[in-house]
Asker: 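For reference, the structure I am asking about is given below.
Values in this document were obtained by computation on a predicted structure and should not be read as measured data.
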Amino acid sequence: MALITLKGINKTYKGDVKVVKDVNLEIKDKEFLVLVGPSGCGKSTTLRMVAGLEDISEGTVQIGNRIVNDVPAKDRDIAMVFQNYALYPHMTVFENMSFGLRLKKYPKEEITRRVHEAAEILNIKKLLDRHPRQLSGGERQRVAVGRAIVRKPKVFLFDEPLSNLDAKMRVQMRTEIHKLRTRLQTTFIYVTHDQTEALTLGDRVAVMKDGIVQQCADPMTIYDFPANKFVAGFIGSPPINFMVGKIIKIKGRFYFDEGNFQLKLVEEMSKVIASYEDKVVTLGARAEDIYDKLFVSESSPDNTISAVCEVVEPLGSEVYLYLNTGKHIFIARVGAHNRPEINCEMSLVFDMNKVHFFDQETEKTII
């Protein structure tokens, strides 16, 4: 049983610098939780407090039925994989992977069995006699993961393990971590600043900013129903488009008035948005929910705007269009066949069922 509970976790450094603020999370047994956010948001510090590598200023960390605030890291039954691999350069791969077991004086036969079992899982058996300097970045990362596997801990902690790898290797290692999780059936907490890793790996994703958990939910809920403007802007590639305008009412229907254009809100939004009449709000629209009118069978003037296409960015299977309304610049993600001329004026259709609105002051999601 590896249920992990964080209650009121705070971390304050000298000078009253608070880097983690009242974090409350419950990570279920065998769950894969991802902590994601920009550099300096407190995600790695939170992970290190779970690991016992950082003291907790306030709150409690509980693993299973035991509060571990005062339990040394070596006695918490966790294994951590670091960003820089932390391999001993003078030891072979076998010696690196078996180091923790040798410290605990496991029998040689048991050590050999566990190391070979982990090496088989990670496809690194042929590397066991090599030293870290003879390995690629991806191979070193596998060794670091293997060193954690052999201990058979209750909890695996990953601190940005893929950040030093190239793009192709990151994709490959993400797949390997998926397979690993399925085979090991234990609890994972994974820290990253890469929202693609967060969405593809996590059962749940906790988005952090300034030491505070902004939202914690499954990946699709985070993507489709962000709790606030920060979460909406951080999750998604390319980033969500933001436009500032006013909610107005014309003939009993609500519109978003950007200044250069107006978009009619769908009927279902009326009750929620009514209190924002004549107030400034922020509209959020994802790139895939904005279409070139030439390729849309049904549209109306109420969800169509004009904008100038300033940049066309082909990406193989899709194209990013960078568009200018005269007041806002935004991105539309369209099919590979759609390549308009630079500096031409286009008609763009918004899917008004999928846009979001955010309170201008609190930045919380209205709809």
Side-chain angles (χ1 to χ4, degrees), residues 32 34-35 39 43-54 72-184 186-194 197 201:
F32 197 123
V34 179
L35 298 175
S39 298
K43 57 189 184 296
S44 289
T45 303
T46 301
L47 191 77
R48 290 173 66 83
M49 286 191 283
V50 174
L53 302 176
E54 288 275 0
K74 64 184 179 62
D75 298 325
R76 294 193 181 192
D77 202 8
I78 56 96
M80 189 160 179
V81 179
F82 297 92
Q83 177 180 349
N84 61 0
Y85 317 136
L87 301 177
Y88 295 107
H90 62 286
M91 292 184 184
T92 65
V93 168
F94 182 94
E95 290 167 339
N96 266 285
M97 290 175 64
S98 63
F99 183 72
L101 301 180
R102 286 185 282 124
L103 278 182
K104 292 191 174 184
K105 302 190 184 305
Y106 276 75
K108 285 185 179 180
E109 296 80 8
E110 177 70 5
I111 291 173
T112 300
R113 185 185 66 78
R114 288 199 187 191
V115 170
H116 280 270
E117 188 179 82
E120 184 74 38
I121 291 171
L122 295 164
N123 195 27
I124 54 173
K125 287 191 77 171
K126 63 178 184 285
L127 307 177
L128 290 176
D129 294 326
R130 297 187 192 179
H131 287 79
R133 66 179 178 274
Q134 298 171 301
L135 306 178
S136 68
E139 289 169 340
R140 290 178 193 175
Q141 187 61 73
R142 288 169 189 259
V143 174
V145 172
R147 183 178 54 193
I149 289 174
V150 297
R151 294 177 55 190
K152 297 186 177 179
K154 287 182 179 177
V155 182
F156 282 97
L157 307 179
F158 285 77
D159 189 9
E160 305 215 35
L162 309 186
S163 59
N164 290 336
L165 304 178
D166 61 47
K168 184 177 180 180
M169 184 57 69
R170 280 202 301 273
V171 173
Q172 184 178 337
M173 282 303 299
R174 280 207 309 268
T175 303
E176 294 301 323
I177 291 171
H178 262 302
K179 293 178 183 176
L180 184 66
R181 181 271 174 94
T182 302
R183 290 190 67 164
L184 298 182
T186 189
T187 307
F188 283 74
I189 305 178
Y190 188 103
V191 162
T192 182
H193 64 272
D194 185 327
E197 283 180 35
L201 288 173

Asker: Give the minimum heavy-atom separation between V155 and T186, together with the two atoms involved.
Answerer: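 V155 and T186 have their closest heavy atoms at N-OG1, 4.2 Å.
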Asker: Measure the spacing between CZ of R140 and CG of L87 and express it to the nearest 0.5 Å.
Answerer: 8.0 Å
Asker: Side chains of L180 and I149: closer than 4.5 Å at any heavy-atom pair?
Answerer: yes
Asker: What closest approach, in Å, do R147 and A86 show between heavy atoms, and which atom pair accounts for it?
Answerer: NH1-O, 2.7 Å
Asker: Measure from the side-chain N and O atoms of R142 to the backbone N and O of E176, and report whether any donor-acceptor pair falls under 3.5 Å.
Answerer: no
Asker: Apply side-chain contact (heavy atoms from CB on, under 4.5 Å) to residues L47 and F158 and explain how you reach the verdict.
Answerer: CA-CA 8 Å; L47 191 77; F158 285 77; 5.9 Å; no
Asker: Can you give me the closest heavy-atom contact between S44 and D159, atom names plus distance?
Answerer: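 Residues S44 and D159, closest heavy atoms: OG-OD1, 2.8 Å.
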Asker: In the structure I gave you, are the side-chain heavy atoms of M97 and I124 within less than 4.5 Å of one another anywhere?
Answerer: yes
Asker: Work out which heavy atom in A79 is nearest to a heavy atom in A148; give both atom names and the distance.
Answerer: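 Answer, listing the atom of A79 first, then A148: CB-CB, 3.7 Å.
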Asker: Measuring from atom NZ of K179 to atom CG of L122, what distance do you get when rounded to the nearest 0.5 angstrom?
Answerer: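 K179 NZ to L122 CG: 11.0 Å, rounded to 0.5 Å.
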Asker: If we only count heavy atoms from C-beta on, is the T192 to L162 side-chain gap below 4.5 Å?
Answerer: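 They are not in side-chain contact.
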Asker: Measuring only between side-chain heavy atoms, which start at C-beta, is P132 closer than 4.5 Å to N96?
Answerer: yes
Asker: Looking only at atom types and distance, does a side-chain atom of R102 sit under 3.5 Å from a main-chain N or O of E95, one as donor and one as acceptor?
Answerer: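 Flag set: sc R102 to bb E95 pair under 3.5 Å.
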Asker: Given the rule in the side chain to side chain donor-acceptor pair (under 3.5 Å) test, do S163 and Q83 qualify, once you have shown the distances and angles that lead to the verdict?
Answerer: CA-CA 7 Å; S163 59; Q83 177 180 349; 3.1 Å; yes
Asker: Is it the case that the side chain of R174 and the backbone of E197 share a donor-acceptor pair, with hydrogens and angles ignored and the cut-off at 3.5 Å?
Answerer: no
Asker: May I ask you to test the L201-R181 pair for a side-chain heavy-atom distance under 4.5 Å?
Answerer: no
Asker: In Å and rounded to the nearest 0.5 Å, what is the CE to CD1 distance from M80 to I189?
Answerer: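 Between M80 CE and I189 CD1, I get 10.0 Å after rounding to 0.5 Å.
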Asker: Looking only at heavy atoms, what is the nearest atom pair of A51 and L157, with distance?
Answerer: CB-CD1, 3.5 Å
Asker: Check whether R48 reaches the backbone of E54 with its side chain - one donor and one acceptor, N or O, closer than 3.5 Å.
Answerer: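 No, R48 side chain to E54 backbone: no donor-acceptor pair under 3.5 Å.
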Asker: Would you check if the side chain of R76 reaches a backbone N or O of V50 as a donor-acceptor pair within less than 3.5 Å?
Answerer: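 Yes: the side chain of R76 pairs with the backbone of V50.
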Asker: So how far is it from K125 NZ to H116 NE2, rounded to the nearest 0.5 Å?
Answerer: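 Going from the NZ atom of K125 to the NE2 atom of H116 covers 6.0 Å.
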Asker: Do N164 and Y85 come close enough that some side-chain heavy atom pair is under 4.5 Å?
Answerer: yes
Asker: Kindly indicate whether the side chain of Q172, heavy atoms from C-beta on, has any atom under 4.5 Å from the side chain of K168.
Answerer: no
Asker: Distance from K104 atom NZ to S98 atom OG, nearest 0.5 Å?
Answerer: 14.0 Å
Asker: If the condition is side-chain hydrogen bond (donor to acceptor under 3.5 Å, both in side chains), which residues does Q141 pass it with, not counting sequence neighbours?
Answerer: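 In terms of side-chain hydrogen bond (donor to acceptor under 3.5 Å, both in side chains), with neighbours along the sequence ignored, Q141 is linked to no residue.
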Asker: Compare every heavy atom of F94 with every heavy atom of V115, then report the nearest pair and how far apart it is.
Answerer: CG1-CD1, 3.5 Å
Asker: Which of parallel (below 30°), tilted (30 to 60°) and perpendicular (above 60°) describes H90 and Y88?
Answerer: perpendicular
Asker: Keeping the roles fixed (side chain from R151, backbone from I78), state whether a donor-acceptor pair exists under 3.5 Å.
Answerer: yes
Asker: I'd like to know if the side chain of E110 reaches the main chain of P107, judged simply by a donor and an acceptor atom lying under 3.5 Å from each other, with no hydrogens or angles considered.
Answerer: no
Asker: Ring-plane angle category for Y190 and F32, please: parallel below 30°, perpendicular beyond 60°, tilted otherwise.
Answerer: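 It falls in the tilted class, 30° to 60°.
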Asker: I would like to know whether D194 and R170 meet side-chain contact (heavy atoms from CB on, under 4.5 Å); could you show each step before the answer?
Answerer: CA-CA 11 Å; D194 185 327; R170 280 202 301 273; 4.3 Å; yes
Asker: What distance do M173 atom CE and L165 atom CG have between them, rounded to the nearest 0.5 Å?
Answerer: 7.0 Å
Asker: Can you check whether D129 reaches T92 side chain to side chain, under 4.5 Å on heavy atoms?
Answerer: no
